[in-house]
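A short write-up of the structure that comes next.
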Amino acid sequence: MQRALRLLEAVASHADGAPAKQLARETGLPLPTTYHLLRTLTHEGYLVRDKGVFVLGDAAVRLAGGGAVQNRRIKIEDSLARWRDEIGVPIYFALYREGEIELVSVSDTPSNPAVEEWADFRETAHAHAIGQCLLSQLDPASRQDHLDRHPVEAITPYTVRNRRVLLERLGSLGRMEPLVERQEYALGTVCAAIPITAGSAAGAMAISLPLHQEERLLPAVERLRTEIGRLFGSLAFSISI
């Protein structure tokens, strides 16, 4: 395996590919061993032989892409954990992808626990700050389509009453304005979400607090907004996770 990886690394260092003899010299492998490994890697799709030189195949490209996705995921999780500790609140990161709410990552602690997902997060976008924040970034047709599939209905006494009221609320938001909801998804909890948009992708970062700590909500979300601004380049590519 180590020798095969050395060959893959050698091939990857040549944009236009390299012949077997050159790869053998660069890796220090015997030529028969090099030929054997190159045949195996080609058969498995990790390499392609083209006009006497070897280049990376689709399997190797997929493997590298998976590593890049994992690195992005680790980067966003590390950022969430740092902000969680610095601000002292649970931090959430979500996307709107393929017509649904996707909660990508949550960072909390036993002393600052995240809100329990007691009602399906995807079906209750109208009732929580993250969902409302993501819906606010959609075009009218996409927003209507989502609400047709996941109708507005009360899940607490404080949940927005109907679609008209929800759309009025979303339409009144200023650009990049935090969206705040109080006990609409979970009794005894207040939440705030910040929109993050990169191209056609919609994302949101959010925090939550117990109702009795509501005075901390806006200062905390403003601090999160500041931190996001400092690392926006990193967050922008993380939206493709």
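- Follow the hydrophobic side-chain contacts under 4.5 Å out from Leu31 and you never reach Val11; the two are in separate clusters.
- A salt bridge is defined here as a Lys NZ or Arg NE, NH1 or NH2 lying under 4.0 Å from an Asp or Glu carboxylate O, and Arg169 with Glu184 meets this definition.
- Once rounded to the nearest 0.5 Å, the distance linking CG of Leu179 with OG of Ser136 reads 6.5 Å.
- One distance of note links CG of Asp108 with CD1 of Ile91; it measures 10.0 Å at 0.5 Å rounding.
- Checking Asp145 against Ser142 by side-chain atom types alone, no donor-acceptor pair falls below 3.5 Å.
- In this structure, a donor-acceptor pair under 3.5 Å is present between the side chains of Arg216 and Gln213.
- Criterion: ILVMFWY side-chain heavy atoms under 4.5 Å apart, direct or through other members. Under it, Leu103 and Leu134 are part of a common hydrophobic cluster.
- Ile155 is not connected to Tyr158 by any chain of hydrophobic side-chain contacts under 4.5 Å among Ile, Leu, Val, Met, Phe, Trp and Tyr, and they are in different clusters.
- Separation of atoms CD1 (Ile207) and OH (Tyr92) is listed at 9.5 Å; rounding is to 0.5 Å.
- Summarising the geometry, atom OG1 belonging to Thr33 is positioned 6.5 Å from atom CG belonging to Leu37; distances are rounded to the nearest 0.5 Å.
- Ring orientation note: the planes of Trp118 and Tyr185 are tilted relative to one another, at an angle of 30° to 60°.
- Using a 3.5 Å distance cut-off with no hydrogens or angles, the side chains of Glu100 and His146 do not pair a donor with an acceptor.
- When the shell of 6.0 Å around CZ of Arg149 is examined, it contains more than 12 heavy atoms from other residues, nucleotides or ligands.
- Between Arg225 and Glu222, at least one side-chain nitrogen of the basic residue sits less than 4.0 Å from a carboxylate oxygen of the acidic one, meeting the salt-bridge criterion.
- A salt bridge links Asp148 with Arg163: at least one charged nitrogen is closer than 4.0 Å to a carboxylate oxygen.
- Side-chain contact, His126 with Glu181: no donor N or O sits under 3.5 Å from an acceptor N or O.
- Salt bridge absent: Glu102 and Arg122 never bring a charged side-chain N and a carboxylate O closer than 4.0 Å.
- Criterion: ILVMFWY side-chain heavy atoms under 4.5 Å apart, direct or through other members. Under it, Leu187 and Ile130 are not part of a common hydrophobic cluster.
- If you take CZ on Arg182 and OG1 on Thr189, they are separated by 13.0 Å, rounding to the nearest 0.5 Å.
- At a threshold of 4.5 Å between non-hydrogen side-chain atoms, the residues Phe121 and His128 count as touching.
- Under the 4.5 Å side-chain heavy-atom criterion for ILVMFWY residues, no single connected hydrophobic cluster contains both Val48 and Leu56.
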